[in-house]
Amino acid sequence: TRLLVRYPTNPAKFNGTVVVEWLNDTTGGDQDPVWSEIYNQALNQGYAYIGVTAQATGVKDLKAWDAKRYASLSSSTDGQSYDIFTQAAQSAVANYATLLGGLKPKAIIGAGDSQSAFRVDTYVNAFQPLAKAFNGFLAIGRYVGASPLAGGLVTTSPLPAYVRSDNTAPFIQLNTEGDLEELLASYVRQPDNNALRTWELAGASHIDEHEAEYELATIAREEPTLPPVKCEFGIVSNIGLHEADNMPVFEAENAALADLQKWLVQGVGAPHGNQISANPFWFNTIFRDQYGNALGGTRLPDIQVPTETYSAINVVEPEKNLNTNALREIFESATSESSEIPTGLRSAGLCLLSGFAAPFSNSTLQRLYPTHANYVSKYTAAAKESLAAGFLTPEDYAAAVAAAQASSIP
């Protein structure tokens, strides 16, 4: 298979931890959504990183993309994927002299986002107890179920698929508001324990603007012959009032990585998150405030001191933004034994998962924040609260406060 490795060129900057990401193949080839969100934290804090082409779809795409370089790749079934993930972690430990430029790892974190998070869940439940190849895990955007042991995206049993209660490797699972609504993650809630923390990020979509921009740039660079995605990840350009959900999920992922590192190195458990408020008697419908924003959950300063309505589902203009053919392909392949994921999704775009944001009117902003100084003061206080709670890193706190100061609100 193929391992994509990134590490500090200066050994003195290495913090001892390697993040091993299960690369995501939902759009027909490897994408690195975890890296797309944590790269600032990883670069600034000295992490090493290994992206693993674990699934047959990724192998097939690489062989088509560069037939000469990747001619020797041969993975043929996703039944091999879990052991590939195990051996990637084992290789980082056993072969660090060549694989990591001589950087000897002290901790290995297994990570995955979306479809890859489904597989990380299965890995934690079925393989980690035997292999013990990882010291901790980070999964973003899980489904109510988990991935099967072979091909396909999800399995129908067990449903819901809880994280086993006897897992001992520290595990943070971060679910967005969109994951609760679209992937039914609200039906797989379970209490935190000594090794498990679950955060539910209010106002956030499964794919936020930050990740979408990274992946669009990646596809444009690596597949320049592909046309631009047809729905631009949910942006409604002809109205001019909405854009893809820009709740900064990357800030929460950076914090999760920092908290997980502290957990592994210092033995200090990560903070517990609050659940997003929902009606258990009506399909777990999310309770919202007067502005349409979710109540409860892990709350970044952007939703504590809001300037817009955050929708985790993009339903502004369904006839223009929901590519029903693409969605049907996803769900039809979900329980299939095939390892093939439809490559057409790359050009179609996963619009439904990107949500949208609608800015408040000037009158609403003026009422909430009479002056710019008032807005900055409230935002800074909320950011300090998130920082103290462990849901914001010092670097992201400084950047967020600086952005508030530089804004023109109200």
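Computed from a predicted model, the values in this text were never measured in an experiment. The chain is numbered in sequence order, starting from 1. Hydrogens, waters and symmetry mates are skipped; everything else that's a heavy atom, side chains included, is used.
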Run the side-chain donor-acceptor check on residues 247-270: report pairs under 3.5 Å with partners two or more places apart or on a different chain.
residue: N254; atom: ND2; partner: F250; partner atom: O; Å: 3.3
residue: N254; atom: ND2; partner: D396; partner atom: OD2; Å: 2.9
residue: Q261; atom: OE1; partner: T17; partner atom: OG1; Å: 2.5
residue: Q261; atom: NE2; partner: T17; partner atom: OG1; Å: 3.4

Exercise for the section: Could I get the full list of ring pair (Phe, Tyr, Trp, His ring centres under 6.0 Å) partners for F360, not counting sequence neighbours? Expected result: Y291
Problem - Validation row, ring centre Y82 to ring centre W22 under 6.0 Å - result: yes
Practice task
Identify the heavy atoms of Y369 and P306 that sit nearest to each other, and give their distance.
Solution key: OH-O, 2.6 Å
Exercise for the section: State, without any angle test, whether D32 and Y214 hold a side-chain donor-acceptor pair at a distance under 3.5 Å. Expected result: yes
Exercise for the section: Before giving the answer on side chain to side chain donor-acceptor pair (under 3.5 Å), spell out for D78 and Q55 the whole-Å C-alpha distance, their side-chain angles and the decisive distance to 0.1 Å. Expected result: CA-CA 5 Å; D78 283 353; Q55 293 176 250; 3.1 Å; yes
Problem - CG/N10: more than 12 non-hydrogen atoms of other groups inside 6.0 Å - result: yes
Problem - Side chains of Q41 and Y47, donor plus acceptor under 3.5 Å - result: no
Fill in the blank from the handout: Distance col, row L368:CG vs T307:OG1, nearest 0.5 angstrom, shows 9.5 Å
Fill in the blank from the handout: The reported gap from CD in E181 to CD1 in I276 (rounded to nearest 0.5 angstrom) is 8.0 Å
Handout entry: Distance-only polar pair, side chains of T86 and Y123, donor-acceptor under 3.5 Å
Key = yes
Exercise for the section: To the nearest 0.5 Å, tell me how far E223 CD sits from D61 CG. Expected result: 6.0 Å
Problem - By salt bridge (charged side-chain N to carboxylate O under 4.0 Å, His left out) - contacts of E200 (at least two apart) - result: R189
Handout entry: Any residue meeting side-chain hydrogen bond (donor to acceptor under 3.5 Å, both in side chains) with S147, in chain and number order, not counting sequence neighbours
Key = none
Practice task
Give the ring-plane orientation class for H210 versus Y39, where under 30° counts as parallel, over 60° as perpendicular and anything between as tilted.
Solution key: parallel
Problem - Distance-minimising heavy-atom pair for D121 and A146 - result: CB-CB, 4.3 Å
Exercise for the section: Indicate yes or no: at least one non-hydrogen side-chain atom of Q128 is less than 4.5 angstrom from one of R164. Expected result: no
Practice task
Measure the acute angle between the ring planes of F134 and F137, then classify it against the limits of 30° and 60° as parallel, tilted or perpendicular.
Solution key: tilted
Problem - Donor-acceptor side-chain pairing of N284 and S186 below 3.5 angstrom - result: yes
Handout entry: Any pair counted as side chain to side chain donor-acceptor pair (under 3.5 Å), so long as it reaches residues 169-179, sequence neighbours left out
Key = Q173-T198, T176-D179, E177-R288, D179-H206
Exercise for the section: Using modelled atom types only, decide if a donor and an acceptor are shared between the side chain of W65 and the backbone of G29 within a distance under 3.5 Å. Expected result: no
Exercise for the section: Quick one: pull up CG in L300 and OH in Y310 and give me the separation to the nearest 0.5 Å. Expected result: 9.0 Å
Practice task
Taking the side chain as every heavy atom from C-beta outward, state whether V5 and Y7 have any pair of such atoms under 4.5 Å apart.
Solution key: yes
Completion exercise
So the side chain to side chain donor-acceptor pair (under 3.5 Å) pairs with at least one residue in residues 92-110 (sequence neighbours excluded) are none
